[in-house]
Structures are given as C-alpha cells and as structure tokens.
2 protein chains.
Amino acid sequence: MEQAKITERGRLTRQRIIEATGEQILASGIGGTTLDTVRAATLTSKSQLFHYFPGGKNELVSEVAAWEGRQLLDAQEPEIHDLGSWESWERWRAGLVHYYIARGRWACPIGSLATQAAMTDPELESTIAASMRAWRDMLADGVRKLQQANTVDATADPQRIATVILAAIQGGLILSQPERSAWPLEAALDNALAPLHLVSTSRTP
Amino acid sequence: MEQAKITERGRLTRQRIIEATGEQILASGIGGTTLDTVRAATLTSKSQLFHYFPGGKNELVSEVAAWEGRQLLDAQEPEIHDLGSWESWERWRAGLVHYYIARGRWACPIGSLATQAAMTDPELESTIAASMRAWRDMLADGVRKLQQANTVDATADPQRIATVILAAIQGGLILSQPERSAWPLEAALDNALAPLHLVSTSRTP
DNA sequence: TCTTCATTGGACTTCATGGTCCATTCCTAC
DNA sequence: GTAGGAATGGACCATGAAGTCCAATGAAGA
C-alpha cells in the first residue's frame with residue numbers, strides 16, 4: 001500500500017479519531033456512531049475524516065476494529081505470552097476481568113463488533129475473525145504448556161479448550177451487561193478454566 | 001391497555017409482519033432492517049405498518065423481541081420444564097443445538113438483539129433482559145431438581161450454574177459464526193454442563 | 001342494500017447522515 | 001521569506017429511511 005505523506009501532527013489527529021470512534025462504537029454501536037458525533041468529539045472537520053480515511057465510515061470502522069484488537073491483546077500482556085503455570089493463568093484472568101471492569105461497559109470491543117458487523121461488512125468480519133483466531137491461538141499455546149508440564153490431560157484438544165474459554169468470556173460479558181456486575185463474566189470464566197487445574201487440591205471459595 | 005378493534009385478517013397480517021421482521025433482523029441486524037424491506041417482504045403498505053404498530057419501528061422491534069423470546073422458550077419444550085435427570089438435560093441440549101442449526105444462522109434471536117439494542121433502546125433492553133431472566137430461572141429450576149435428586153452438589157448456586165450455561169450458549173454462538181459450524185457452541189455448552197453430571201462414570205467421547 | 005369501520009395502497013414530507021468540494025491556514029524545506 | 005504540500009474548516013449535495021396523510025377497498029352486520 002502506497003503510504004500518503006503524513007506528518008506527526010496528522011498521525012496524532014488520525015489516532016485521535018480512531019480512539020474517539022472506538023469509544024462511541026463501544027457505547028452506542030456502529031449504527032449509533034455518526035461521522036458528525038465523531039467530528040464533534042474530536043474537534044475535527046468532515047474533510048479531515050475523509051482525508052485520513054478515504055474509504056469513509058467503513059474504512060474508519062475497520063481501522064477501529066484492528067486497533068481495538070491490538071489493544072485487547074496488549075492489555076493481556078505479559079501473561080498472555082506466559083500461561084505456563086496455573087498461577088500465570090490466574091494472573092491473566094484477573095488482569096482481563098480488570099480490563100473489562102475498567103472500561104466501564106460490559107462489552108468486548110471485539111465480540112460486540114463481531115455480532116454487529118457479521119452480516120453488514122464481510123471485510124470487517126474477516127478482520128474481526130482474524131483477531132479472534134489470534135487470541136484463541138495464544139490461549140491454546142498456554143494450554144499446551146500446561147499439558148507439557150503434565151498438569152492438564154494431554155489428550156484434550158488445546159484449540160477446543162481455548163474456544164470454550166473465549167466463549168465464556170464473550171457470553172459472560174453479554175450476561176454481565178444487564179446485571180451491571182462482573183459476576184456472570186467471572187462465573188463463566190472460572191467454569192471454563194476449571195479443566196486447567198483439576199490437579200489443584202483446593203478451589204478458592 | 002385498550003385493545004383496538006382487530007379482525008382475524010388483521011391479526012394474521014400483523015403476525016406476518018412480526019415474523020418477517022424477525023427474519024430480517026436475524027439476517028441483517030436492526031440497522032439493516034428497514035420498513036421498506038419489511039413492506040416488500042410482507043406485501044403490505046407503509047400505512048399498514050403504522051396501523052398495526054403505531055409506535056413505528058421501535059414498537060415493531062419490541063414486539064419482535066417479545067415474540068422471539070416466546071419462540072425460543074417454546075422450542076425448548078417439553079424438556080425445559082423437566083430437566084429432572086441428566087438424560088433430560090441431554091435431550092434438552094440436543095434440541096437446543098438442533099434449533100440453532102435449523103435456523104441456519106449462528107445467532108441467538110435474544111442474545112444478538114441484546115448486544116444490538118443494549119444502548120439504543122432502554123425499553124427494549126428491559127424486554128430482552130426479562131426474557132433472559134425467565135430462561136435462566138427455568139434452567140436454575142432444573143439444576144435444583146438435580147440437587148434434590150442428589151446427583152449434583154447441593155451447595156452449588158443454581159442461579160450461578162444457570163448463568164454459566166447461558167453464557168456458554170451465547171458465547172458459543174458468537175464463535176460458531178465464523179466457523180460456520182456448531183462445534184464451538186457444542187464445546188462451550190458441554191463444558192458448562194459438566195458440573196451437572198460429575199457422578200456419571202463415563203463421558204461421551 | 002346500505003352503513004360503518006377495519007384494512008389497504010401509495011404518494012408525499014421531513015430529516016438525519018454519509019459523502020463532496022473548495023477555500024484557507026499551518027508547517028517545513030529551500 | 002516564500003513556495004508547496006499537508007492539514008483544516010465548513011458549506012453544500014445526494015440519498016435513504018422514518019413517518020404522515022388521505023383516499024380507496026373490503027367485509028360484516030343492521
């Protein structure tokens with residue numbers, strides 16, 4: 001892709017637009033986010049939006065999705081790259097829950113986009129699917145480490161377990177929304193992680 | 001509420017509109033469903049839409065949500081009212097998965113609406129939350145039956161287990177979408193149901 | 001048959017929103 | 001300091017979708 005000339009100042013403006021759009025999408029959905037509200041929130045003008053995102057709203061939303069995907073994985077560092085022990089998994093779990101709580105809204109930037117965009121925009125759908133796959137693969141790697149450490153049944157399918165964990169996160173968030181509380185998320189997540197510490201003697205009460 | 005005069009013919013038209021709208025929402029989301037496409041699909045006119053749903057699109061979508069909620073529970077009959085044995089849970093599970101497969105799309109009419117409408121329409125949100133709660137309560141009742149039959153740990157919280165199961169369904173459906181397969185749903189669901197048959201000697205391979 | 005009201009048809013209005021265009025300002029390199 | 005291109009401002013346009021209105025039709029009872 002031929003990169004158009006862009007200065008540092010422009011890069012900052014562009015990033016500001018992406019982040020503000022991400023906020024609004026998380027709060028009001030794609031449909032509830034208009035270029036005008038983004039413009040207002042970022043103190044920019046219509047021409048800037050199309051200057052930095054020639055493809056219009058679609059391109060903007062795609063960039064948001066990609067950025068949110070990176071953000072989400074970054075928020076799980078460094079544990080996401082470890083997961084070689086049950087303690088690491090526990091730290092990872094705590095950090096992830098904290099991340100969602102800190103956002104204030106019970107919605108996953110990726111999962112919520114996934115349901116909204118699945119039918120609308122096929123390109124966006126594949127972007128999101130890629131993020132999901134990357135995430136799942138990292139979790140599966142962690143499961144494999146536990147298997148090699150012999151603390152988890154070696155015959156279990158790591159991809160399957162990783163998928164179950166992701167499903168628990170996404171579903172848990174959906175149910176956390178009306179409750180205005182993290183407990184459904186935590187309950188679902190803990191249940192999904194159960195197969196990973198069968199050897200543990202005690203469960204936290 | 002004062003019911004306006006309505007004939008059988010009108011009732012049928014009204015129902016036709018609700019069902020067609022439900023289809024379109026499931027396929028394209030609320031935003032992707034317009035009164036014009038509904039009108040075309042149902043061979044009706046604009047005035048009919050507002051005749052039967054004076055509140056406009058909002059009212060129509062609300063009615064769809066309520067109807068889909070009833071449909072979803074009906075589809076789980078009669079098992080949803082039993083769940084007094086593990087075999088009944090297995091039948092329930094099979095029926096539910098079959099229901100989603102039969103719909104062709106990997107989306108829960110309730111869950112998908114929940115994420116779309118959570119921020120948009122507070123009234124709709126509460127309608128959906130009510131459906132979710134009803135569903136969860138029925139599952140919790142089933143868990144209690146197993147506890148009374150002494151096949152499940154009596155100290156476990158039925159509401160919590162029910163919530164975990166619902167989360168698995170919702171999250172599993174999200175992950176089933178890109179896979180175009182039911183296996184993530186089934187994996188998540190099986191894992192969520194695991195606590196209900198710990199006494200079983202063998203797991204299905 | 002005639003009256004009445006539910007039902008239906010469809011043109012028209014209004015408005016939000018994505019997108020275009022051009023002028024102006026701001027940097028930076030020369 | 002000045003020329004050129006990036007960055008910005010904001011008016012303007014096109015379109016699609018929600019919602020309104022009134023006239024026409026159909027059916028069922030008096």
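Keep in mind that the numbers below use all heavy atoms, side chains included, and drop hydrogens, waters and symmetry copies. All chains are named by letter (A, B, ...) in the order of the sequence lines, taking the proteins before the strands, and each is independently numbered beginning at 1. None of the values given here were measured: they were computed from a predicted structure.
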What contact category does A/F53 fall into here, base, sugar-phosphate, or nothing, at under 4.0 angstrom with non-hydrogen atoms? nothing
Nearest-Å distance for atom pair NZ/P, residues B/K5 and D/dG26: 22 Å
When you match B/H51 and A/T34 each to their closest nucleotide on DNA chain C, which lands nearer the 5' end? B/H51
Take atom CD1 of A/I17 and atom C1' of D/dT8, then tell me their distance rounded to the nearest Å. 11 Å
Atom CZ of A/R39 and atom P of D/dG10: how far apart are they, to the nearest Å? 9 Å
Would you mind reading off the distance between B/K57 atom NZ and C/dT14 atom P, rounded to a whole angstrom? 22 Å
Protein-nucleotide distance (A/L43, atom CG; D/dG10, atom P), rounded to Å: 11 Å
Whole-Å distance between D/dG5 P and A/E8 CD? 22 Å
Pairwise side-chain contact, B/R11 with B/R16, heavy-atom cut-off 4.5 Å (strictly under): no
So, is B/Y52 close to the C/dT8 phosphate, meaning a side-chain N or O under 4.0 Å from OP1 or OP2? yes
Checking side chain to side chain contact (heavy atoms under 4.5 Å, CB included) for the pair A/I169/A/W135: CA distance, chi angles, key distance, verdict? CA-CA 12 Å; A/I169 294 171; A/W135 193 2; 4.0 Å; yes
Mind checking whether B/S62 and B/E123 have side chains closer than 4.5 Å, heavy atoms only? yes
May I ask you to evaluate whether A/T7 reaches the phosphate of D/dA7, defined as a side-chain N or O under 4.0 Å from OP1 or OP2? yes
Would you say a side-chain N or O of A/T13 is under 4.0 Å from OP1 or OP2 of D/dT8? yes
What's B/S47 touching, base or sugar-phosphate or nothing? Going by heavy atoms closer than 4.0 Å. base
Is the shortest distance from a Lys or Arg side-chain nitrogen in B/E90 or B/R93 to a carboxylate oxygen in the other one below 4.0 Å? no
Distance-only donor-acceptor test, A/K46 side-chain atoms vs C/dG19 base atoms, 3.5 Å: yes
Taking the side chain of A/S45 as its heavy atoms from C-beta onward, which of C/dG19, D/dG9, D/dA7 lies nearest to it? D/dG9
Assess the side chains of B/Q48 and B/S45: does a donor N or O sit below 3.5 Å from an acceptor N or O? yes
Mind checking if A/T33 touches a base, just sugar-phosphate, or nothing, with heavy atoms under 4.0 Å? sugar-phosphate
Can you work out whether B/F50 or A/Q48 has the more 5'-proximal nearest nucleotide on DNA chain D? A/Q48
For B/D36 and C/dG9, what is the distance between atoms CG and C1' respectively, to the nearest whole Å? 14 Å
Distance check needed: C/dG9 P versus B/L49 CG, whole Å only. 11 Å
